[in-house]
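Structure, as structure tokens:
Here, residue 1 is the first one in the sequence, and each next residue gets the next number.
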Amino acid sequence: MPGAMDVAARLAAVAGRSTAQITTRGRRSGKPHTVTIWFAVDGATIYLGTLNAKRDGVRNAAKTPDVTLDVDGVRVRGQAKTITDPALEAHVRALLARKYWAAWIGSWFGLAPARTFRVDHLEIT
């Protein structure tokens, strides 16, 4: 599947960057809402995690899952879906802990993301 390989290659090029800008649509206003977020790349998949599930971006994505991510000039559109599978959630926590020292230290104290997301249907724009 050439499309998935192209996405994986583009994501691999920016996987080491520290943050991404995620844009969601306001759940009431419909206006774009952009914040900085940590992310992890695993092949052609982007995972996100947040310590605060009450953040506007999290609640916006729950209502309207269409999101845009900008990682060092690479723009990706997709749909954010809350991860409910405990094994996948543990995998995402491990990815984040390997990438971010603060997440690694937090994991020692039992801190974990309040919510994790998988961004599906990726399209490089």
Tell me which donor-acceptor pairs under 3.5 Å the side chains of residues 57-66 have, and how far apart each pair is, sequence neighbours excluded?
| from | atom 1 | to | atom 2 | distance (Å) |
| --- | --- | --- | --- | --- |
| Arg59 | NE | Lys54 | O | 3.1 |
| Arg59 | NH2 | Asp56 | OD1 | 2.9 |
| Asn60 | OD1 | Arg27 | N | 3.1 |
| Asn60 | OD1 | Arg27 | NH1 | 2.8 |
| Asn60 | ND2 | Thr24 | OG1 | 3.1 |
| Asn60 | ND2 | Asp56 | O | 3.3 |
| Lys63 | NZ | Arg27 | O | 2.8 |
| Asp66 | OD1 | Gln79 | NE2 | 3.0 |

What closest approach, in Å, do [X] and [Y] show between heavy atoms, and which atom pair accounts for it?
X     : Y     : value
Ala40 : Leu96 : CB-CD2, 4.0 Å
Ala15 : Val41 : CB-CB, 3.8 Å
Ala20 : Val71 : CB-CG2, 3.5 Å
Val67 : Ala80 : CG1-CB, 4.1 Å

Enter the distance from [X]:[atom1] to [Y]:[atom2] here, rounded to the nearest 0.5 Å.
X      : Y     : atom1 : atom2 : result
Ile37  : Arg55 : CD1   : CZ    : 5.5 Å
Phe39  : Leu48 : CZ    : CG    : 9.0 Å
Arg115 : Glu89 : CZ    : CD    : 10.0 Å

### Query
Taking C-beta and beyond as the side chain, do Leu69 and Gln21 meet within less than 4.5 Å on heavy atoms?
no
### Task
Report yes if the side chains of Thr68 and Ile22 come closer than 4.5 Å at any heavy-atom pair, otherwise no.
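No; the side chains remain at least 4.5 Å from each other.
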### Partner set under side chain to side chain contact (heavy atoms under 4.5 Å, CB included) for Thr19, not counting sequence neighbours
Thr36, Trp38
#### Entry: Verify same cluster id: Leu95, Leu88 (apolar side-chain graph, 4.5 Å)
yes
### Message
Can you list everything that forms a salt bridge (charged side-chain N to carboxylate O under 4.0 Å, His left out) with Asp85? Sequence neighbours excluded, please.
### Response
none
### Message
Does anything in residues 93-102 form a salt bridge (Lys or Arg N to Asp or Glu O under 4.0 Å)? List the pairs, not counting sequence neighbours.
### Response
none
Please tabulate, for side-chain N and O atoms in residues 117-124, each donor-acceptor pair with protein atoms closer than 3.5 Å (sequence neighbours left out).
| from | atom 1 | to | atom 2 | distance (Å) |
| --- | --- | --- | --- | --- |
| Arg118 | NE | Asp120 | OD1 | 2.5 |
| Glu123 | OE2 | Arg77 | NH2 | 2.6 |

### Query
For residues 40-51, which residue pairs qualify under side-chain hydrogen bond (donor to acceptor under 3.5 Å, both in side chains), counting only residues two or more places apart or in two chains?
Asp42-His91
### Task
Not counting sequence neighbours, which residues clear side chain to side chain donor-acceptor pair (under 3.5 Å) with Asp70? List them please.
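Counting only residues at least two positions away or on another chain, Asp70 forms no side chain to side chain donor-acceptor pair (under 3.5 Å).
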### Task
Please list, chain by chain and in numerical order, all residues satisfying side chain to side chain donor-acceptor pair (under 3.5 Å) with Ser18, sequence neighbours excluded.
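In terms of side chain to side chain donor-acceptor pair (under 3.5 Å), with neighbours along the sequence ignored, Ser18 is linked to no residue.
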